[in-house]
Structure formats: structure tokens, C-alpha cells
Amino acid sequence: MPSALYEKKGLILQIHNCLKPGGRNIRLTKCDKCQEKCEDFKKRKYDLEFNNFTKKCEKNCELPGISPDMAITLDDWDTPISATKAVNIMNDLGSMLNRMGNASTAEIKMGNVTGVIAKLPLKNQTSQKFGFTLEKKVKVLEEKDLLTHFSQSVYLPEEACEMAVEKNGTFAGVMVFPDMPQIDQNHSLLNNTMLGIEMGANIHNLTKTIDMHFTNVNTTGLNATCVSWDGRNSSGTNLSWVTDGCLTNIVNDSITCQCSHLTFFAILMSPFGIGNSDSNGNPSNSTDDMTGQISAADLKALTQITKAGCGMSMFFLGVALFMHFLIRKNKASQAVQILMNLFIALFFLNLTFLINESIANLDNMAACVVMAAFMHYSMLATFTWFFMQALHLYFNLQKVPTDIKYYVFKICCTGWIIPSLVVVGLLSASKYDSIHISADNETSATMCWIPDAKIHLGVNIGYYIIVFFFTLTIFILTAVQITYFASKDAKAKKNGSTKKRFLSLLSLFILLGITWGFAFFSYGPLLLPSYYIFTILNSFQGFFLFVYYYFSSRIVVDDKKQLETQSSGTENTNISSSTG
């Protein structure tokens with residue numbers, strides 16, 4: 001795109017910001033001359049010189065595209081438009097075709113509401129593209145690349161037009177409803193604007209999405225989430241905004257909503273820490289987490305799976321700890337002692353998650369801070385013990401002596417002290433607090449966690465990435481080692497030990513916490529499957545580890561007996577005993 005067009009776009013945006021300096025969601029682009037004038041005119045507000053300057057800039061900064069063939073203006077509409085009136089407007093949009101005559105497109109003005117309607121041909125459908133300026137002007141575009149020139153734009157794919165005509169739809173209409181009321185103190189619509197799209201037919205389950213593009217959006221300190229409303233329950237301001245069928249894509253200062261159906265659309269803005277939650281109920285502080293979002297039904301199912309898994313994991317982890325400390329403590333190997341520390345960390349992580357919301361609902365600030373800090377410490381400790389498990393396994397693979405004095409004690413000190421340093425630092429900086437989590441306007445919850453999104457991403461995600469790459473590397477080395485020595489053992493093949501090797505690798509995969517890495521795949525078409533896999537594996541991780549602990553104890557005993565009669569399996573035995 002020519003640089004001159006960028007400059008023209010910047011001029012209009014800066015002019016608008018001078019006219020409406022209170023618009024906090026508008027981010028200025030660079031245009032030095034206009035910027036200087038804007039700063040000067042802000043001091044004098046709306047005088048004649050400023051108005052003349054505005055007209056001059058608008059004249060010299062025409063945006064691409066063509067204007068609709070005609071304009072339809074209705075002056076009998078009161079403003080602002082309520083949700084109920086918006087529904088009526090969209091339902092009656094087809095009646096505008098009678099006013100158009102032979103015109104193919106028309107711009108619609110209803111008070112402060114702006115829109116466009118285009119007739120659909122019976123054959124040879126093409127995509128429809130419309131751009132809306134901040135000055136409430138409409139352009140019909142020929143190329144999709146031109147959509148980014150406008151503050152708001154809509155792209156209707158060819159598939160949607162064909163589906164509409166097949167269902168007796170004859171038009172494509174888009175209406176921009178400004179000045180929508182504030183939802184609540186924590187949620188608002190971007191620029192208080194809502195988009196309505198209608199094609200005279202029920203359009204849904206599109207494979208090519210309807211794209212709504214918003215440019216120059218300032219999301220600093222805010223979550224931005226694409227939402228839709230089906231036009232029902234339109235009384236008052238209690239609209240049921242949901243994320244179903246829409247994905248949110250944010251690139252720099254541009255937001256694109258990709259939706260597979262027709263209805264009313266908007267971008268829901270909320271402060272960091274107030275928004276949707278992930279599959280474990282922890283705050284989702286960025287729309288990139290979902291980039292999307294999951295439906296309220298899926299969120300409810302994931303939450304129920306998480307609670308059930310955490311409860312079961314706590315039970316079996318408790319049984320394993322009981323067995324260890326009261327029955328097997330004196331017979332435990334170094335590997336089992338390290339494993340027990342992981343069990344303790346996981347037990348408290350599951351416990352703090354289950355009681356977190358109850359503590360948050362007490363409205364006791366001190367209790368909530370302690371709860372958040374303890375839960376955070378348990379999570380970081382769990383990650384650290386995954387690392388320690390992998391480190392001990394590496395020592396065994398490389399035959400590094402571990403019979404040094406106080407080996408287990410040194411490992412324990414490292415495993416518990418490192419996460420405590422992080423938590424103490426955040427506590428001293430007052431980074432723990434209660435946050436509100438909502439799936440939509442009808443369901444919400446309160447939890448004690450880290451409201452600051454940057455801290456959450458930098459500490460938690462960054463911490464686990466380090467652990468993940470180390471544990472994954474050790475897992476690969478171990479898998480190669482097991483496969484190599486097993487392939488040299490002819491008897492192993494005859495005895496059908498492939499199943500045993502597979503189960504060993506699967507257990508090791510869970511033991512090293514690599515299952516947490518499924519969170520990295522929560523994008524695009526893998527979003528929902530990765531969330532379910534992540535939730536099931538990690539919520540039930542305590543149960544899986546108990547099964548591993550129980551059977552590995554028996555395997556180690558069998559391996560020790562095998563050492564007495566068989567020397568060919570020495571290397572494979574070392575690997576089994578080092579993980580059990």
C-alpha cells in the first residue's frame with residue numbers, strides 16, 4: 001500500500017481525535033503537520049479556524065473505494081438507538097430495497113446510525129466488502145486488502161452470499177450502532193459501538209468467516225474479545241454477549257473478529273484480570289490465550305472435569321504419601337524420595353485450586369493474598385519438581401554418581417527454595433489480589449490470583465517454558481536410550497515388550513510434566529481439543545502418577561531380581577529404576 005494512503009488515514013484519525021479528545025480507544029498514527037495543528041486546536045476547542053482546517057484535511061484525504069449509489073436518510077429516529085430498536089431496524093432492513101429502485105447499493109442514515117445495503121444478484125455471487133470511517137461515511141470496496149484503510153470494515157465471503165440467495169435472501173446489510181450503553185463498571189464495548197449484519201436469511205456454520213476489522217485500537221491495559229448477541233433478551237442493557245462462533249485476532253493495534261454466523265457483533269473491552277478463564281479456572285489475561293474464546297458450555301464442562309480430576313488426584317496423592325511415610329519410607333530409593341516431593345507439591349496445587357474461590361468470596365483481602373501466594377507457590381514448586389525429576393533421570397542416564405553426601409537434601413532445598421524466592425518477590429511488590437472471571441454476562445466467579453497480565457505471562461509461562469524444554473530434551477534422550485537397548489535384546493522382542501516400553505514412555509511423559517505443554521497448542525482449530533486434552537491430563541495427573549508409583553515399585557523389584565540372573569538388561573534396568 002502506498003505510503004501516501006497511510007498518511008491520509010493518519011490525518012483523518014487525528015482530526016477525529018481533536019474533535020473527540022475523550023476517545024480512549026483511539027490511537028493516533030504519525031502525521032506531523034496535522035498533529036501540531038491538533039495540539040494547537042485542542043487549546044481553543046471548536047472555533048472557526050479548526051472547522052476550516054478539518055474540511056481542508058478531509059478534502060485532501062479521500063479514502064479508497066466508491067460511495068454507494070444513493071443515500072437513504074430517515075430523520076424520524078430518536079437517538080440513541082436502544083437494543084430493541086436495533087433489532088427492529090435489522091428486521092426491517094429488507095424494506096429499504098423498495099426505496100433503492102435501480103441502485104445496487106445505498107448508504108443508510110438513521111440519526112447517528114450509519115449503514116449500507118447492497119442487492120445480491122441471483123447468480124455469480126462475489127464477496128461483499130464495506131468500509132466505515134470515523135466521520136460516519138461508507139465506502140464499497142473492490143479488494144479485501146483495502147479494508148485495513150478504515151477504522152471499521154466488514155467482509156462478507158462469497159459463501160455467505162451464496163447461502164443467503166439459496167435461502168431466498170436478496171441483500172447484504174451492515175449497520176453501525178454507536179453510543180451503546182455501558183455494560184458495567186468493568187466491561188464496555190469498543191467505542192460503545194455495535195455492528196449488525198443481516199442478509200435476509202439464517203446464515204450460520206460458515207467455513208469462510210465473516211470478518212470485521214477494527215484499526216488503530218488502543219488495548220493498553222485492556223482485554224479485547226470479539227462477542228456476539230443473537231438479538232434476544234434485548235430489554236435494557238443486559239444483553240447476552242457470548243464468544244460462541246467468533247475468534248479474536250489481534251495484530252499490533254488492529255483487531256479482526258472472525259465469525260461463522262450473522263447477528264450483532266462488538267468487541268468487549270475489560271481490564272486485565274477481568275474476563276474469561278482458562279480450562280483450569282485460572283485467569284486468562286490475554287485474548288491471545290484463546291485468541292480465542294470457548295463457549296460457556298465448554299467452559300462449564302472443562303471446569304467440572306477439572307474439579308473432578310483435582311478431587312480424585314488429591315485422594316490418590318494422599319494415599320501414595322501415606323504409603324510412603326508410614327510404610328515404605330525407610331526402603332525408598334532416591335528416585336522415590338524425589339517423586340514424593342512432586343506428590344506434595346501437586347497435592348497442595350490441587351487443594352488450593354479447589355478452595356480458592358471460597359476464600360475469594362470471603363472478601364478478606366489478607367486471606368485472598370495468602371491464598372493467591374500459596375497457590376502460585378504450589379504451581380511453581382510443581383514445575384520445579386518436574387525439572388528435578390528430569391535432572392535426576394539425566395544423572396542416571398549419564399552415570400553421574402548420586403551417592404554424594406546429602407544428595408537428596410540438596411535436591412529438596414533447590415526444589416522448594418527457588419519458587420519461594422519468586423513468590424516472596426511478588427508478595428513484597430503486592431502483586432497478588434482477587435480477580436473477577438466471567439465466561440459471559442451471566443456467569444462470573446472470583447479468584448485469588450495475579451491481576452497483572454505481564455507478571456502472569458512473564459513469571460508463569462516463562463518459568464514453565466524453561467522447565468518444558470529441559471524435560472522434553474531428557475524425555476527424548478530417555479526414549480532413544482530405551483528403544484536402542486531394547487532393540488539389541490532379541491529376547492525382549494520375543495517376549496513382546498513393546499507394550500511395556502510404550503507404557504514406560506507414557507508414564508515418563510506424565511512424570512516429567514510434559515502434558516502441560518498442550519497449552520502451547522491452544523490456537524486456531526486446535527484450540528478446543530488442546531484445552532480438553534490439557535485439562536484431562538493435568539487435572540488427573542495425580543491419579544496417573546499414583547498408578548505409576550504403584551506399578552513402578554513392583555517393576556523395580558522385578559528388575560532387581562532380573563539383575564541376579566540376566567546381565568543383558570542392565571542398561572534398561574537402570575533407566576527403569578531411575579524413574580521409579
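None of the values given here were measured: they were computed from a predicted structure.
The disulfide bond (SG atoms under 2.5 Å apart) check on C368 picks up C448, with sequence neighbours excluded. For D69, the side chain to side chain contact (heavy atoms under 4.5 Å, CB included) criterion is met by A103, S104, T105, not counting sequence neighbours. Applying the side-chain hydrogen bond (donor to acceptor under 3.5 Å, both in side chains) rule to K129 yields the partners S127; only residues at least two apart in sequence or on another chain are considered. For K144, the salt bridge (charged side-chain N to carboxylate O under 4.0 Å, His left out) partners at least two apart in sequence or on another chain are D211. Every residue two or more places apart in sequence or in another chain that forms a side chain to side chain contact (heavy atoms under 4.5 Å, CB included) with V369 is listed here: M365, L427, Y432.
Judged purely by atom type and a 3.5 angstrom limit, T248 uses its side chain to pair as donor or acceptor with the backbone of C226. With Y464 contributing its side chain and G517 its backbone, the two residues share a donor-acceptor pair below 3.5 Å. The backbone N or O of L349 lies less than 3.5 Å from a partner atom in the side chain of T352, making a donor-acceptor pair. For the pair E107 (side chain) and K137 (backbone), a donor-acceptor distance under 3.5 Å is absent. Distance alone, capped at 3.5 Å, places no donor-acceptor pair between the T209 side chain and the L206 backbone.
Between F383 and W516, the ring planes lie perpendicular to each other; the angle is over 60°, past the 30° to 60° tilted range. Under the 30°/60° scheme for interplanar angles, the aromatic rings of F518 and F509 are found to stand perpendicular. In this structure, F177 and F264 have tilted ring planes: the angle between them lies in the 30° to 60° band.
In terms of heavy atoms, G173 sits closest to M90 at O-CE, 4.3 Å. Among all heavy-atom pairs drawn from M175 and V116, the shortest one is SD-N, 4.4 Å. The two residues K139 and S67 make their nearest non-hydrogen contact at NZ-OG, 3.5 Å. The two residues T473 and F469 have their closest heavy-atom pair at OG1-O, 2.7 Å. Of all the heavy atoms in T471 and A390, the pair that sits closest is CG2-CB, 3.8 Å. Heavy atoms only, all atoms of each residue included: F130 and A172 are closest at CZ-O, 4.5 Å.
Here F475 contributes atom CZ and I510 contributes atom CD1; the two are 10.0 Å apart, rounded to the nearest 0.5 Å. Between the CG atom of N223 and the CD1 atom of I267 there is a distance of 12.5 Å, given to the nearest 0.5 Å. Here the straight-line distance linking atom CG of N216 with atom CG of D253 works out to 5.0 Å at 0.5 Å rounding. For the atom pair OG1 of T382 and CG of N538, the computed distance is 10.5 Å after rounding to the nearest 0.5 Å. A distance of 8.0 Å separates CG in L262 from CG in N202, rounded to the nearest 0.5 Å. How far CG of L146 is from OG1 of T148: 7.5 Å, rounded to the nearest 0.5 Å.
Side-chain contact between I305 and Y532: present, with at least one pair of heavy atoms (C-beta onward) separated by less than 4.5 Å. The shortest side-chain heavy-atom distance between T193 and F132 does not fall under the 4.5 Å cut-off. Residues F468 and I514 meet the side-chain proximity criterion, which asks for heavy atoms closer than 4.5 Å. Contact of the V459 side chain with the H376 side chain is registered, since non-hydrogen atoms from C-beta on lie closer than 4.5 Å. A heavy-atom distance below 4.5 Å is not found between the side chains of Q128 and V174. Taking the side chain as every heavy atom from C-beta outward, E198 and F171 approach each other to under 4.5 Å. Side-chain atoms of N192 and D179, non-hydrogen and from C-beta on, never get closer than 4.5 Å to each other. Two residues are said to be in side-chain contact when any heavy atoms from C-beta on lie closer than 4.5 Å; F150 and L141 meet this criterion.
Around atom NZ of K307, no more than 12 heavy atoms belonging to other residues, nucleotides or ligands sit under 6.0 Å away. Few gaps surround CG on D92; more than 12 heavy atoms of other groups in view lie less than 6.0 Å from it.
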Take L268 and L189, measure what side-chain contact (heavy atoms from CB on, under 4.5 Å) needs, and give me the verdict at the end.
CA-CA 5 Å; L268 191 66; L189 303 183; 4.0 Å; yes
Taking it one step at a time, do I197 and I203 satisfy side-chain contact (heavy atoms from CB on, under 4.5 Å)?
CA-CA 10 Å; I197 304 178; I203 307 298; over 6 Å; no
Begin with the C-alpha distance, continue with both residues' side-chain angles, and end with the deciding distance and a verdict on side-chain contact (heavy atoms from CB on, under 4.5 Å) for I418 and F387.
CA-CA 12 Å; I418 289 179; F387 186 95; over 6 Å; no
May I have the step-by-step check of side-chain contact (heavy atoms from CB on, under 4.5 Å) for W449 and H456, ending in yes or no?
CA-CA 9 Å; W449 192 237; H456 168 70; 3.5 Å; yes
Donor-acceptor pairs under 3.5 Å, side chain of residues 153-165 to any protein atom, not counting sequence neighbours: which ones?
unit_1: S153; atom_1: OG; unit_2: L147; atom_2: O; d: 3.2
unit_1: E159; atom_1: OE1; unit_2: T207; atom_2: N; d: 3.2
unit_1: E159; atom_1: OE1; unit_2: T207; atom_2: OG1; d: 2.8
unit_1: E159; atom_1: OE1; unit_2: K208; atom_2: N; d: 2.9
unit_1: E159; atom_1: OE2; unit_2: T207; atom_2: N; d: 3.2
unit_1: E159; atom_1: OE2; unit_2: T207; atom_2: OG1; d: 3.3

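Across the pair C257 and C246, the gap between the SG atoms, which is the quantity tested here, reaches or exceeds 2.5 Å.
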